Structure formats: structure tokens, C-alpha cells
Amino acid sequence: MSEATASTPYGTLPTASPLPPRKPVSLPRLHELRQRGEKITMLTAYDATFAAVADSAGVECLLVGDSLGMVCQGLSSTVGVSLETMCYHTQSVTRGLRRVQGTAWVIGDLPFGSYQESREQAMRSAIALMHAGAHMVKLEGGGWTAEVVRFLVERGIPVCAHLGLTPQTVHALGGYRVQGRSEADAQRLQAHALELQDAGASMLVLEMVPASLASAITAQLPHCHSIGIGSGAGTAGQVLVMHDMLGVNLGKAPKFVRNFMDGHSSVAAAMAAYVRAVKDGSFPDPALHAW
């Protein structure tokens, strides 16, 4: 490290050498993980420094989530987050990865109001996130979204879908509640998941879905990798909001969260512990973190 770099103020990121041993994460590499039964790890990231730390800890996927509205902006829900804000944070994350030659797969959330109007609106919004550095975009909901997913995928934009508790429509769902408890709701979620896979979605976040249902959906999706949050251990991978897993959330932690800072002296160590726990199957604990 040069003297100039060493004395740089606010120097949270090192120079980009040497090259990391991990190859860049890609859709084929995620599929390889799934094929050999290795869990995929994902965390949210909103800025350059934490993105770099998560990457060095071995996290495969970084979700620039619209959850930033709550954990960064202090909003009461994700509904007020703008596309401009999402692009800003996506740029910040990808700059951090470039600084350290990071290899994580970056997913940018399409915020509320940026894709509901039409397929063309969704395309414009997705292009903005891709220009900001995202490798993939994420949108919420099933049914009508399959047509949007197909439109984007046919035009070269990888898509991650999101079913179960969909925070952008939390008011329509009646609050932050487990989804898919009744037989009719479970069948609807399964049908939507299959439609999204058929439309070309490569990943699917399942949020607050009963563990048995999430496992059943995962088994039906060989080409779409399920990522659970509060949906048990039977999904292809796991995701948590970074602030939650570090124990710095502003309210009561959800049932499905484990504070990985407990017993660790640094954020890097906590993130590495999260990766290990997801990989070895010790997180999530069915008795503690699922329904």
C-alpha cells in the first residue's frame, strides 16, 4: 500500500490487490451451488464499505434492497423508496466491490411504483438499475408479474422474483404476517412460483412462508433458486437484512433473525459466521426461525 493510500482519510476500503481467490459469482455458478447441494448466501448491502466486507466474508449475493427505506432512511415501510434512491445505493455498492475487486452477484430492488404501470416502465426502471451496476433486478408479487418477468428476461435482464410476504404491498396483506397458511393460499403461491420460473425468473425470494410450503416450492423449481427469509431451511439459500443480523435494527427483531454479532468482535467475523451457518445448515433453526 502506498503512503498516499495509507494516509487517506476515511480509508475504509483497501486497494484492489491481490486478486481474490473466488471467481466472480454468476448465474451458472449459482446453479452449480444448487446442483451440489451447497446453500446460497445473500445479505442486503446499501453502501460501498459494507458491500466490500460482505464480499470478503464470502457472501455470494448482495441485495441492494428497498429495505434501505426503513433501515437507512427511517421510513415506516419500503413504499416511499424512489428509483433514484435505489440507483444511488446500487452505484455505491458496486463501487465498493470494484475497489476491492469483489466477486459478489448484485441484485437491485425495483421499488414500488417503478414497474407496476407497464412492462415498458419495468424495462426502463430495470435499465436504470443495470446502468447503476446491478447484475439482476428483483420485483415483488405473482400472477400479473409473470408477464413482466418474461418481458425483461427476453431482453437480457436477469430477474429475481419475490413471493410470500411482499413488503411493498404490506397494507393490502394486512400487515407483516406469514403467508400461505391456508390450503388455498398455499396452492396460489405454488402456482405463482411455477409461473415465474416458466417466465424466466432465475431466483425467487420466499419471505415468511411456512417451512413445509417453502420446501415444496423449492422442490418444484429446478431452474429458479429459492432464497428464504423466515421460510425455513429447505430453500436453496438464505437472505437477511444486514442490520438485523448485526443486531442494530431500530425495533424488535423478527422471529426469523439471528444476531450474528453475538460472540464476535467484528462485522467481518459476524458475516463470516453467517455464511458458515447457512452453509452447514445450522441457520435457520427450524425451532426458532421458521413457521
Side-chain angles (χ1 to χ4, degrees), residues 30 33-34 37-44 59-63 65-67 70 78 107 109 136 138-143 145 159-170 173-197 201-245 249 252-260 274-275 277-291:
L30 293 173
L33 291 179
R34 173 87 179 275
E38 182 176 343
K39 297 292 186 180
I40 299 166
T41 58
M42 183 186 295
L43 283 176
T44 62
V59 178
E60 281 106 12
C61 302
L62 298 181
L63 171 62
D66 58 3
S67 50
M70 303 171 80
T78 64
I107 304 159
D109 251 338
M136 168 182 266
K138 183 171 79 65
L139 52 76
E140 294 184 4
T145 58
V159 176
C160 176
H162 186 152
L163 293 176
L165 175 68
T166 47
Q168 292 178 6
T169 54
V170 67
L173 296 175
Y176 295 92
R177 305 163 62 182
V178 179
Q179 303 295 307
R181 286 190 184 272
S182 72
E183 183 176 353
D185 287 344
Q187 291 177 348
R188 176 179 53 82
L189 283 177
Q190 286 179 303
H192 286 169
L194 288 170
E195 290 169 357
L196 289 163
Q197 177 182 248
S202 301
M203 301 182 81
L204 170 65
V205 171
L206 291 172
E207 183 166 358
M208 290 182 66
V209 172
S212 59
L213 175 58
S215 294
I217 290 174
T218 299
Q220 295 175 323
L221 303 178
H223 307 298
C224 182
H225 313 313
S226 61
I227 307 296
I229 176 167
S231 298
T235 50
Q238 296 291 325
V239 63
L240 284 176
V241 171
M242 180 191 68
H243 293 66
D244 286 344
M245 58 81 64
N249 52 311
K252 181 181 178 181
K255 171 184 176 178
F256 54 77
V257 170
R258 173 177 160 187
N259 182 359
F260 282 88
Y274 166 74
V275 172
V278 172
K279 298 287 188 183
D280 68 24
S282 60
F283 177 82
D285 182 337
L288 299 175
H289 306 120
W291 287 268

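Along the sequence shown, residues are numbered consecutively beginning with 1. Values in this document were obtained by computation on a predicted structure and should not be read as measured data.
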Between atom [atom1] of [X] and atom [atom2] of [Y], what is the distance when rounded to the nearest 0.5 Å?
X: Leu63; Y: Met203; atom1: CG; atom2: CE; result: 9.5 Å
X: His225; Y: Arg34; atom1: NE2; atom2: CZ; result: 6.0 Å
X: Gln179; Y: Leu173; atom1: CD; atom2: CG; result: 4.5 Å

- Flag, side chain of Lys255 to backbone of Ala290, donor-acceptor distance under 3.5 Å: yes
- Check whether any side-chain N or O of Thr44 sits under 3.5 Å from a backbone N or O of Met242 as a donor-acceptor pair, and report yes or no.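 Yes; at least one donor-acceptor contact below 3.5 Å.
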Quiz: residues 190-197 side-chain donor-acceptor pairs under 3.5 angstrom, not counting sequence neighbours:
residue	atom	partner	partner atom	Å
Gln197	OE1	His223	N	3.0
Gln197	OE1	Cys224	N	3.4

- Lys39: partners by side chain to side chain contact (heavy atoms under 4.5 Å, CB included), with sequence neighbours left out: Val278
- Residue list, side chain to side chain contact (heavy atoms under 4.5 Å, CB included) with Pro254, at least two apart or on another chain: Asp244, Phe256, Val257
- Query: Restricting to pairs with a member in residues 280-291, which pass side-chain hydrogen bond (donor to acceptor under 3.5 Å, both in side chains), not counting sequence neighbours?
  - Reply: Asp280-Ser282
Considering all heavy atoms of both residues, which atom of [X] and which atom of [Y] are nearest to each other, and what is their separation?
X: Gln238; Y: Ile229; value: OE1-N, 4.4 Å
X: Gly228; Y: Ser231; value: CA-CB, 4.3 Å
X: Ile107; Y: Cys160; value: CG2-CB, 4.3 Å

- Apply side-chain contact (heavy atoms from CB on, under 4.5 Å) to Cys61 and Met136, showing your working. CA-CA 10 Å; Cys61 302; Met136 168 182 266; over 6 Å; no
- Item | Partner of Leu204 under side chain to side chain contact (heavy atoms under 4.5 Å, CB included), chosen from Thr235, Leu163, Ile227 |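 Exactly one pass, corresponding to Leu163.
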- Query: Tell me, do Met70 and Val241 make a side-chain contact under 4.5 Å, heavy atoms counted?
  - Reply: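 With C-beta onward as the side chain, the pair stays apart.
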- Task: Evaluate side-chain contact (heavy atoms from CB on, under 4.5 Å) for Val59 paired with Val275, printing each intermediate quantity in order.
- Result: CA-CA 6 Å; Val59 178; Val275 172; 3.7 Å; yes
- Task: Applying side-chain contact (heavy atoms from CB on, under 4.5 Å), run through Leu240 and Leu43 and close with a yes or a no.
- Result: CA-CA 5 Å; Leu240 284 176; Leu43 283 176; 4.1 Å; yes
- Message: The criterion is salt bridge (charged side-chain N to carboxylate O under 4.0 Å, His left out); which residues satisfy it with Asp185, sequence neighbours excluded?
- Response: Arg188
Sequence neighbours excluded and cut-off under 3.5 Å, please list the side-chain donor-acceptor pairs for residues 207-222, or say none.
residue	atom	partner	partner atom	Å
Glu207	OE1	His162	NE2	3.0
Ser215	OG	Ala211	O	3.1
Thr218	OG1	Ala214	O	2.8
Thr218	OG1	Ser226	OG	2.6

